Amino acid sequence: MSYASRRDRRGRAWNALSAFRFPLSTFVPVMFSKVSTDAEFVRGEHDVLRFWREHRIFDRLREQNREKPRWSFIDGPITANNPMGVHHAWGRTYKDAYQRYFAMTGRALRYQNGFDCQGLWVEVEVEKQLGLGTKNSIVAHGMERFVDACKQRVLTFAARQTEQSQRLGFWMDWDDPATLRKLAAGIGTSEPVTITTPTGKTATARADELVARLGNPEWGGSYFTFSTENNETIWTFLKKCHQRGKIYRGHDVMPWSGRGGSAYSQMEVAEGRKLTTHKSVFVRFPLKGRDNEFLLVWTTTPWTLTSNVAAAVNPLLEYVRLRAKRDGAVYYFAKENLEFQRLAKEFKEGFGRPEWDWPKGVGKLKSIAQIFKEQGGFDVEGTLNGAQMLGWEYSGPFDDLAAQEAPGGVPANLALVAQTGVSCHRVVDGGRDHEGTPLVLAGEGTGIVHIAPGCGDVDHVLGKTLGLVAIAPLGEDGRFVEGFGPFVGKEAVDRQTAELVFEELRKKNLLVAVEEYPHIYPHCWRTGDELVFRLVDEWFINMDWRDEIKEVVREIEWLPASIDGQTREIEWLSNMRDWMISKKRFWGLALPIWVDEDESVRWDDPAKFEVIGSLAELKERAVSGWDEFAGHTPHRPWIDKVKIRSPRTGNLMTRIPDVGNPWLDAGIVPFSTMQYNTNRDQWRKWYPADLVTECFPGQFRNWFYSLLSLGTMMMWDEQDPPEPGKRRPFKTLLGHRLVMNEDGKPMHKSDGTAIWFEEAAEQLGVDTMRWMYLAHNPAVDLRFGRREKDKPVTLQTPEGPITETVEGFPTCLVTSKPADEIRRQVLIPLWNTYAFFVNYARLDEFDPQSQPVPVVERPEIDRWILSNLQGLIEVANTELQAFNAPGFLREAARFIDDLSNWYVRRNRRRFWRSRDADDRDKLAAYQTLYTVLVTLTKLLAPAIPFITERMYQNLCAPTALSPPLSMTALSPPLRKGGQGGAGEPVSTPESQRHATPPNPPFLRGGNAGAQGGNGELSVHLCEFPVVDPALRDPQLSERMALAQLVVNLGHGLREEAKLRVRQPLPELRFACANSQSHAAIEKLADVIQEELNVKKITGRDNLDDLVHYNFKPNLKTLGPKFGKGLSAIGKALSTIDENTLAPLRRGESVTLSLDGTEYQLAPDDVLISTQQAADWVAADDQGVQIALSTVLTPELLREGMARDFVRQVQQLRKAADLEIQNRIRVFLATDHAEVMAAIAEWDAYIRSETLADTITGVATAPPEVKPALIGETPIPIWIEKA
RNA sequence: GGGCCUGUAGCUCAACGGUGAGAGCCGGCUCCUUAUAAGGGCCAGACGACGGUUCAACUCCGUCCAGGCCAACCA
């Protein structure tokens, strides 16, 4: 057939496609759209997004599965406080891929995304936004306006993250981002807003009221942790805690942020530990009644000296009495500390983390002896036990401060009004902690611990047991309160404050030494400010029921197994302290704790406070303020108005001003979002979740912890029988590590190395990223790539080009080696296989609906790839069900490689064959490749939803409404289809969009052949493939593997012998250890022959005449048999005569007699390998030996030259950019006799291979022609288009 | 000081009580290709150190060294 006629056909194809816009059920032309080999991944993704939107594919999917069995997933809420970076996309890819997989297996899902909305992190950003620095300025600004601004920020970023997630292909029941922005704008106004919810309902109300109800089951959409339902369900939880007596108020010293004006929980403190240096000080306390004698005391927090109350020693420790020569003063301190090398190990090795090396510029610490030596020397006058010092009284360093004289301390403790700070100054026993370790140890300090019960945790505990007063010097702002003389108003963390302390001490002649002291110190996890320890009233959950939680932990499967998350969670549960749930801030859960205002009701009276369990309960109990509150969300400041009355005292009760720990917000989600309080039956259907997945470092003490503890408590009084496994909030947890830069270092927003989501998406492509995330081992950090912050780029987004993010950050170049690799090794070969198929299928007018050639009648290689496809289907299902995406994708990549580099390469010629030749064989090839490609799109759809959709659309479902997405890659003449033509994706007008019937009948007629799609509109509406046992043939797969092995061996031999593959060789001989292998190779001899370019393949029983043998002991079998005799056997085998051992090769045993011992060697006991003989090169692997003849006859050499010549001409065709059907004329300039003979002999072959009309010898070549190698000879060759 | 994990090729990672310890990336050489800005082949190691158990140890045990993680941290 002529190529010209194909062009005609292409023209007809175009017409058919145009006609296709009118659904005609009788005439369904079947035609694939031409596919460019440039896949244009990113642009294709944009097309697919539009296609999904316009055809509401996701809605159809949900509709399709609505009544199916459930698969329950709970989304861990993402903090809606900033745009997403690439680190968020990893977990979100898991979420989407597994949801898509289970949807394709016919499961009903909830698809509810979550936004984390409340908490200090939002407050911090809003403070920055509004330029507010302190809590006072927030109050001045107006708490109401501030809280509104927090809501607005959350809504704004929820909208932003929604858009970014959609770009990732994350299918969730999203709210319309425009609606969220509209709501954000309406917050704080009284104007009614009308919105359309994701379920299509309309609602009109004030924005606040709408926002409070977001995510409810009737409306659909993401859940927001600030919703009333979420907050109220936490009230349910806290009420249950209270019913079990677990809620208490602690009057304790806690880490406190002066700037944040709040105490920090244990989780928060853990996030913010940093290495820092402080001026530590040695100070002396004058002993009363002992002239010129002092306690030597050391502290790293000089400001706490103002509030010193006592000095603690260890009674069992030995102390020295040291006289300083300078002034004759006597000092007491622990003997061991005199020469103690302080922080010696840390000086050498750092503080236990790479970033915690000894700070530069800080010298090695001096020992106390050194300090006294430098000050004029000393004498040790004796030793005594700590016990002997107990009761000694001393003068404190700041006894002149009013606070030190305040009765009962500061604030006054009514039980201790007889005491003051000063009156408590004496040496006390430090005692032991709950583990029995003495509080006071020798070592870093002096063995005498300055005790300030208002400034330190352990100090406070000790003070309580000893009945000491506490002096709390700091207000909420972290500054000194009244009563502290020169310190009033000074900030504790201010370095100047320490200097002032030193100055005062110097004046009083109490300062011994000051030094720079490095240590790990708690900092604010957000701002980096140092925390101080402050006496506070905070609310706690007593966690003495931790063992109940541990039981639940053991009911859960923790993945990846190598991390052993279960143990880590249990460890945390064992070590954690009571949960501080209060925070003295503004934006967050309103803790439902109401307190009796009457101060005379003591805190140890159980009626002092009440926990309210719901708004309804509150309304019933409210005696005032409800009207003011009504219509607002249960947040500050509105909720604070509501008062209740104490049933016992009749007093008014007021809500504590504190807000809640935000992990409560996230932990309640399995209850609040699944209607625990509103529709218990519905909740039972979805609880527990099948899967939860999040980034794990940190979450063991955060989200996982809160889910588990809230879940355990919530289930405590459930009336259902407590069947095992029913308490757990989720069945399986899949954790993953962190996203890092190319060097494995963390990426930071602050230094411009963090990659914004859209930068990666629009440069690398989302399918590529998804594959990268899914294929990566979740137990290991992902080295994503690099952001070149000095190389700005313009991104082509679905909305048009941008040069900066919405927030105004410039968009920069992102490079990623792993992404490049995935594109090169997986996605491009997949696409090219698809393009190969489509482009030939078009020219050949392959009809997917044609009567299938029975599989048994198809060639072996077709059955092979179909069999391997079944293997992949099986792996896909097992691994995805086990949440092991890497296991699946590894096999998928292998399969794609087999498909592309073996199946297609081997079968190219079957597709080119002209029409009238063996049509049946060609049809089999098309049908086979078509089935494989369609199945593959379905298998990979959950992982790479975009490229698979494009392929599927063209392969299976071209419709009038969905012009094939590959249209964008059409060749120019087709694309000129123009406005409304098939070349331009049809944008359905808004009005029509919702009118689209769920499954247009004409869809059934697409390219949905028996071997193809099921006629679904989208690949994501298809059923996930299941194994067809009839197509499985494991032996065939093995056979082919053997052939591939022989080919590999042969290529290796050619390489070794320096014989290029185009040079035909006369013969390949092989021999196998077993007859099955022999038969297998014989069956596939033609494949091997062609691949290795040999004239003949001969199977032999052995290759004895061509090779020598090496014999080695099989240690695995011989070891157990002969043990110590092994070395003798090994030696013998390497030296003994080949003929003696020959029977082994025939499968017979041989008996060796060595040093008087008989060893019977079975064939399995000896490993045999080959060495080659002359004129042959030989190799062996896995029991197969092959030998390749290297004898080259003149005939063979000529044939090799002919093939070189063809190859060179093809190269020229390619360089000239010719179409595959163009004919040419070939010229060459040579007088080389052998070459000319070869060309003459192979003239017909050369011309048919290269579509050459003529081959002409010319005397001289044009000067620009570069000679090409034919055989060994360089010869100028050039071509002309005919 | 505690608990856990890891030390293998220039880099990132495998495997296994037993035959020449495998991949991928990078680099060099080379081959193949009218689907492939693809692909194939070849080229690299005292398996952290030292002891022990064993016929046999990279693998099991012990000690040490180095790195990481978790928890804690001291006035």
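The structure presented is a predicted model; accordingly, all values stated were derived computationally and were not measured. Quick note on labels: first sequence line is chain A, next is B, and so on, each numbered from 1.
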Contact under 4.0 Å: [X] side-chain N or O vs [N] OP1/OP2:
X: A:H519; N: B:rA75; result: yes
X: A:Q266; N: B:rA71; result: no
X: A:Y834; N: B:rA35; result: no

| said: By the 4.0 Å heavy-atom rule, please label A:T301 as base, sugar-phosphate, or nothing. | reply: sugar-phosphate
| said: Heavy atoms only, 4.0 Å cut-off, all strands: where does A:R1203 land among base, sugar-phosphate and nothing? | reply: sugar-phosphate
| field | Nucleotide nearest A:F836 when distance is taken to its side chain, options B:rA35, B:rU34, B:rA37 | value |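 Nearest to the side chain of A:F836 among the choices is B:rA35.
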| task | Return the nearest nucleotide to the side chain of A:T833; candidates are B:rU34, B:rC31, B:rA35. | result | B:rA35
| Expressed as a whole number of Å, how far does the C1' atom of B:rG39 sit from that of B:rA21? |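 To the nearest whole Å, 27 Å.
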| query | If we take the P atom in both B:rG22 and B:rC16, what is their distance in whole Å? | reply | 14 Å
| request: May I ask you to check if A:R342 and A:W298 form a cation-pi contact, with NZ or CZ under 6.0 angstrom from the six-membered ring centre and within 45° of the axis? | output: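 Yes - A:R342 lies over the ring of A:W298, closer than 6.0 Å to its centre and within 45° of its axis.
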| query | Looking at the rings of A:F911 and A:F836, which for Trp means the six-membered one, are their centres under 6.0 Å apart? | reply | yes
| field | Any side-chain donor near an acceptor of the partner, A:Y834 and A:N954, under 3.5 Å | value |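 The answer is yes; a qualifying pair exists.
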N/O contacts under 3.5 Å, protein versus nucleotides 21-29 of chain B?
residue : atom : partner : partner atom : Å
B:rG24  : O2'  : A:E821  : OE2          : 2.9
B:rC25  : OP1  : A:Q825  : NE2          : 3.3

| query | Which residues satisfy the ring-ring contact (aromatic ring centres under 6.0 Å, His included) test with A:F285, sequence neighbours excluded? | reply | A:Y394
| query | How does RNA chain B look in dot-bracket notation if pairs are Watson-Crick or G-U with both distances under 3.5 Å, crossing ones as [ ], other-strand ones as |? | reply | .((((((..((((....[...)))).(((((.......)))))....(((((..]....))))))))))).....
